[in-house]
Amino acid sequence: MQVTAVLNPIKPNAREARTELLTACAEAEWPEPVIVETTIDRPGFPQAKEAVDSGAELVIAMGGDGTVREVAHGVAGRDVQFGVVPLGTANLFARNMGILPNRLGVIVRMALHGMLARVDLGLAAFREYPGVGPWSGDLPFLVMAGIGQDARTVVETRDGLKGRLGWLAYMESGVRHMFREPIRMRVSVDNAPAEEVTAWTVLAGNCGRIPAGIEVFPGAVVDDGQLDILLARIDNPLRWVGVAAQGLLKLRNEASGLQYLGASEVIVIPEEALPIQLDGDAYLPVNEVRFKVWPRALLLRLPPGKVRP
């Protein structure tokens with residue numbers, strides 16, 4: 001099998017991951033893999049697309065959530081296998097898929113020889129003038145995307161803390177934003193008439209889990225051809241106690257102010273321009289955003305037992 005790996009060279013285990021991949025392909029008596037590195041200007045999407053165009057049969061993302069997301073977008077919809085070797089801090093998608101970043105040699109071989117399953121990809125687009133004009137190009141997400149105070153939490157997470165605490169730094173920022181006022185938005189689900197809502201955030205999920213074992217979308221399925229939508233109507237800070245309990249107990253209970261929906265597409269128009277976040281990465285404020293699903297866009301290598309019947 002012809003393998004191409006898209007590697008983020010600044011990750012701490014990048015050199016070891018490269019060595020493990022070369023060794024594992026040699027063990028399988030496959031051709032030597034092509035290894036291309038990401039840069040600031042080329043974060044993974046163009047390298048993955050070029051690899052597919054050049055005949056790669058398996059493209060592996062080796063890096064953090066941003067690299068995995070970019071490479072996934074580059075291979076989506078193509079008849080090419082997709083592997084993940086998580087080298088980041090949170091590794092949200094990998095953890096949701098049961099790909100735990102512990103023994104690097106095992107993870108590399110899982111990306112080469114794991115079971116195959118089709119999974120969905122989320123896409124986000126925005127435009128400057130709500131309701132009119134062209135949409136931007138699609139931006140991918142694999143776990144969840146959001147607009148509102150959750151995205152502001154990501155934007156205002158302190159870089160110094162991220163370097164020392166990793167994903168726990170987001171919790172510090174989240175606590176600071178818990179008591180901010182909910183935001184007025186217009187939300188349209190699957191082309192239905194827009195509903196006026198007041199929410200702390202609107203989330204669209206492809207997977208359900210974030211670190212610390214918290215289930216934002218209990219029961220979310222990554223290959224069901226739809227997004228899980230969450231409207232957090234938090235009008236009283238004390239409601240966060242119930243929300244936290246729900247996440248830890250993996251429950252869905254709208255009494256806490258969380259409204260769950262299933263949809264293939266959701267459009268959100270905030271009262272004022274707001275930032276969006278995709279898998280924990282922040283983007284500039286937008287006046288309108290569309291989240292939609294690309295069903296079964298990826299042919300993913302998974303650990304045994306993670307493939308649904």
Heavy-atom side-chain proximity of Val266 to Val187 below 4.5 angstrom: yes
Sub-3.5 Å donor-acceptor pair from the side chain of Asn8 to the main-chain atoms of Thr38, do we have one? no
Do Leu123 and Glu265 come within less than 4.5 Å of each other through their side chains, counting heavy atoms only? no
For a quick test of reading the model, state the closest non-hydrogen atom pair linking Leu203 to Gln277 and the distance between them. CD2-NE2, 3.9 Å
Examine distances only and state if a side-chain atom of Glu57 and a backbone atom of Gln2 form a donor-acceptor pair shorter than 3.5 Å. yes
Treating Gln47 as the side-chain partner and Gly44 as the backbone partner, does any N or O pair qualify as donor plus acceptor under 3.5 Å? yes
Do Arg209 and Asn96 make a side-chain contact, defined as non-hydrogen atoms from C-beta onward lying under 4.5 Å apart? yes
Checking Arg186 side chain against Ile269 main chain: does a donor-acceptor pair fall under 3.5 Å? no
Contact check, side chains of Leu87 and Leu7, non-hydrogen atoms, under 4.5 Å: yes
Mind checking the CD1-CD spacing from Ile276 to Glu288? Nearest 0.5 Å is all I need. 11.5 Å
Measure the shortest side-chain to side-chain distance between Ile99 and Pro86 over non-hydrogen atoms and say whether it is less than 4.5 angstrom. yes
Under a side-chain separation threshold of 4.5 Å, the hydrophobic residues clustered together with Tyr129 are Val132
Smallest heavy-atom separation, Gly63 atom then Asn91 atom, equals O-OD1, 4.2 Å
To the nearest 0.5 angstrom, please state how far the CZ atom of Arg95 sits from the CG atom of Asp65. 9.5 Å
Give a yes or no on whether the backbone of Ile183 and the side-chain of Glu271 come within a donor-acceptor separation of less than 3.5 Å. no
Taking the ring centre of each residue, are His73 and Trp294 less than 6.0 Å apart? no
Nearest heavy atoms of Pro218 and Tyr260, plus distance in Å: CD-OH, 4.2 Å
Would a distance-only check, ignoring hydrogens and angles, find a side-chain to backbone donor-acceptor pair under 3.5 Å from Asp228 to Leu261? no
So, does Asp279 use its side chain to make a donor-acceptor pair with the main chain of Phe141 at under 3.5 Å? no
Any donor-acceptor pair under 3.5 Å linking the side chain of Thr67 with the backbone of Ala61? no
Salt bridge between Arg42 and Glu70, side-chain N to carboxylate O under 4.0 Å? no
Val52 and Gly74: which non-hydrogen atoms are nearest, and at how many Å? CG2-O, 4.4 Å
Quick one: closest heavy-atom pair of Leu298 and Asp120, and the distance? CD1-O, 4.5 Å
Spacing of CZ belonging to Phe291 relative to CD1 belonging to Ile267, to within rounding of 0.5 Å: 11.0 Å
Between atom CG of Leu58 and atom CE of Met1, what is the distance when rounded to the nearest 0.5 Å? 6.0 Å
Sub-4.5 Å side-chain heavy-atom contact between Leu112 and Ile60: yes
Contact check, side chains of Val3 and Gln81, non-hydrogen atoms, under 4.5 Å: no
Any non-hydrogen side-chain atom of Val85 less than 4.5 Å from a side-chain atom of Glu20? no
Specify the closest pair of heavy atoms between Met97 and Cys207, including all atoms of both residues, with the distance to one decimal. CE-SG, 4.0 Å
Using the side chain to side chain contact (heavy atoms under 4.5 Å, CB included) rule, take Phe82 and Leu300 through it: C-alpha gap first, then chi angles, then the decisive distance, then the call. CA-CA 5 Å; Phe82 175 49; Leu300 179 66; 3.6 Å; yes
Let me confirm one number: the CZ-OG1 distance from Arg184 to Thr198, rounded to the nearest 0.5 Å. 6.5 Å
Let me confirm one number: the OG1-CD distance from Thr4 to Glu50, rounded to the nearest 0.5 Å. 10.5 Å
Quick one: does any side-chain atom of Ser188 pair with a main-chain N or O of Pro193 as donor and acceptor, under 3.5 Å? no
Would you confirm whether Asp190, through its side chain, and Ala263, through its main-chain N or O, come within 3.5 Å as a donor-acceptor pair? no
Quick one: do Arg18 and Glu37 make a salt bridge, cutoff under 4.0 Å? yes
Ion pair present between Asp138 and Arg290, side-chain N to carboxylate O less than 4.0 angstrom? yes
